[in-house]
Structure formats: C-alpha cells, structure tokens
Amino acid sequence: MYQELPASEPSNQQVDKYVANRIRERRIALGFTQQMLAQRIKVTYQQAQKYERGTNRVTAGRLFEIARVMGVPVSYFYEGIEQGIEADETGPKRHHMDLVRNFSRIENAKHQLALRQLCRTLADG
C-alpha cells in the first residue's frame, strides 16, 4: 500500500540530487576534471556528468567505487543530508568550492593565516 512521506522526509529525487552535488563538490575539491573522474571510475565522460547532475542515479557499487577513488567513505556523500536538502537543494556554489581548492594549494602557512583573517574581517563587515 502506498504511504506518503512526511513533509520532513526527503524524496528519492532530493537524495539523488544531494549525492550528485556531493560528488561534484568532492571532485572539484580534489582538483579533478569530470574527464579525470570518469577515467578513474571507468565510465564515459557523459556518464560522469550525468552522475553529477543527478540525471542518472548512482548505483551502490558505483558509489562505492567513486568513494574509493575520491578517498572518502561512502557515508561522506550522505553527510548533512537533512540540513542540506532543507537549506539549499542546489548544493554548494562553484565559487565556494574553487575558493576551498585554491586555498588548500597555498603552501605558505603565513599566507593562509593572512587570508583567513582577511575573510573573517570582510565577513564581519
């Protein structure tokens, strides 16, 4: 018998989109292109792109392989799902992920500290 989900429960499509966004977020943080990810998980570029957009569902086995390649547990892709779906179904913005990736490439600890202080100052107004 069909039973409707409570309003607070995410739909399958929302979960699929959330996982897709987490895959994209992790790929960008690692500095991988979609082509690099596709090669590592042995799918076509188009298929990797569909996984990231949530167009095609990621099977359990494929998600396991993606997690292995990206160096995270499978649970990483579900972390924060309740807050993430409620807060913003579109996931993190690309410029946020670019900022994180580029920050991690700064090797000088003093420069990292200065940048963190600058960001804090700008955020505080």
Side-chain angles (χ1 to χ4, degrees):
M1 177 173 215
Y2 176 75
Q3 201 172 18
E4 224 171 285
L5 292 173
S8 63
E9 293 293 318
S11 70
N12 288 339
Q13 292 80 11
Q14 288 173 310
V15 172
D16 291 342
K17 277 285 196 197
Y18 186 83
V19 169
N21 284 331
R22 294 286 285 174
I23 291 170
R24 182 175 55 87
E25 174 186 306
R26 181 67 179 162
R27 176 186 60 78
I28 292 169
L30 291 171
F32 289 1
T33 63
Q34 284 181 333
Q35 184 65 42
M36 291 166 67
L37 175 61
Q39 289 173 344
R40 286 182 168 96
I41 63 171
K42 298 175 178 62
V43 298
T44 65
Y45 165 80
Q46 291 84 358
Q47 186 62 42
Q49 193 174 45
K50 288 177 182 181
Y51 287 153
E52 284 191 11
R53 289 185 178 160
T55 307
N56 286 8
R57 282 191 169 166
V58 181
T59 64
R62 183 67 67 202
L63 189 59
F64 183 83
E65 180 65 13
I66 292 169
R68 187 189 66 74
V69 165
M70 293 184 163
V72 294
V74 172
S75 60
Y76 168 86
F77 299 105
Y78 299 96
E79 289 173 2
I81 193 164
E82 289 84 11
Q83 299 83 15
I85 287 175
E86 291 172 9
D88 181 9
E89 287 189 33
T90 63
K93 304 291 181 236
R94 183 174 185 92
H95 60 274
H96 294 165
M97 292 182 286
D98 286 341
L99 182 62
V100 170
R101 183 182 66 229
N102 290 322
F103 179 85
S104 68
R105 292 177 49 211
I106 299 171
E107 294 179 8
N108 186 308
K110 289 181 181 179
H111 291 168
Q112 283 187 348
L113 177 61
L115 188 54
R116 285 196 316 263
Q117 290 171 339
L118 174 64
C119 287
R120 192 172 302 118
T121 301
L122 291 172
D124 291 342

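A quick note: this is a predicted structure, and the numbers were derived from the prediction, not measured.
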Is the shortest side-chain heavy-atom distance between [X] and [Y] below 4.5 Å?
X: Phe77; Y: Val72; value: yes
X: Tyr51; Y: Leu63; value: no
X: Arg57; Y: Asn12; value: yes
X: Ile23; Y: Met70; value: yes

Original post:
Does the distance from a Lys or Arg side-chain N to an Asp or Glu carboxylate O, for Glu65 and Arg62, drop under 4.0 Å?
Top reply: no
Interatomic spacing from [atom1] in [X] to [atom2] in [Y] - rounded to 0.5 Å:
X: Leu37; Y: Ile28; atom1: CG; atom2: CD1; value: 11.0 Å
X: Glu25; Y: Leu30; atom1: CD; atom2: CG; value: 10.5 Å
X: Asn56; Y: Gln49; atom1: CG; atom2: CD; value: 11.0 Å

Original post:
Side-chain heavy atoms under 4.5 angstrom apart, residues restricted to Ile, Leu, Val, Met, Phe, Trp, Tyr: same cluster for Leu122 and Leu99?
Top reply: no
Original post:
Are Leu113 and Val100 joined in one hydrophobic group, where the rule is that I, L, V, M, F, W and Y side chains link up if heavy atoms are under 4.5 Å apart?
Top reply: no
Original post:
Just by distance, with hydrogens left out, do Gln34 and Tyr45 show a side-chain donor and acceptor under 3.5 Å apart?
Top reply: yes
Original post:
Just wondering, more than 12 heavy atoms not from Arg53 lying within 6.0 Å of its CZ?
Top reply: no
Subject >> Phe103 atom CZ, neighbour heavy-atom count above 12 within 6.0 Å >> reply: yes
Any donor-acceptor pair under 3.5 Å linking the side chain of [X] with the backbone of [Y]?
X: Tyr18; Y: Gly80; result: yes
X: Arg22; Y: Tyr76; result: yes
X: Gln14; Y: Ser11; result: yes

Original post:
Are Arg26 and Ile66 close enough, and set up right, to give a side-chain contact (heavy atoms from CB on, under 4.5 Å), and what steps lead you there?
Top reply: CA-CA 10 Å; Arg26 181 67 179 162; Ile66 292 169; over 6 Å; no
Original post:
Do Arg40's NZ or CZ and the ring of Phe32 fall within the cation-pi criteria of under 6.0 Å and 45°?
Top reply: yes
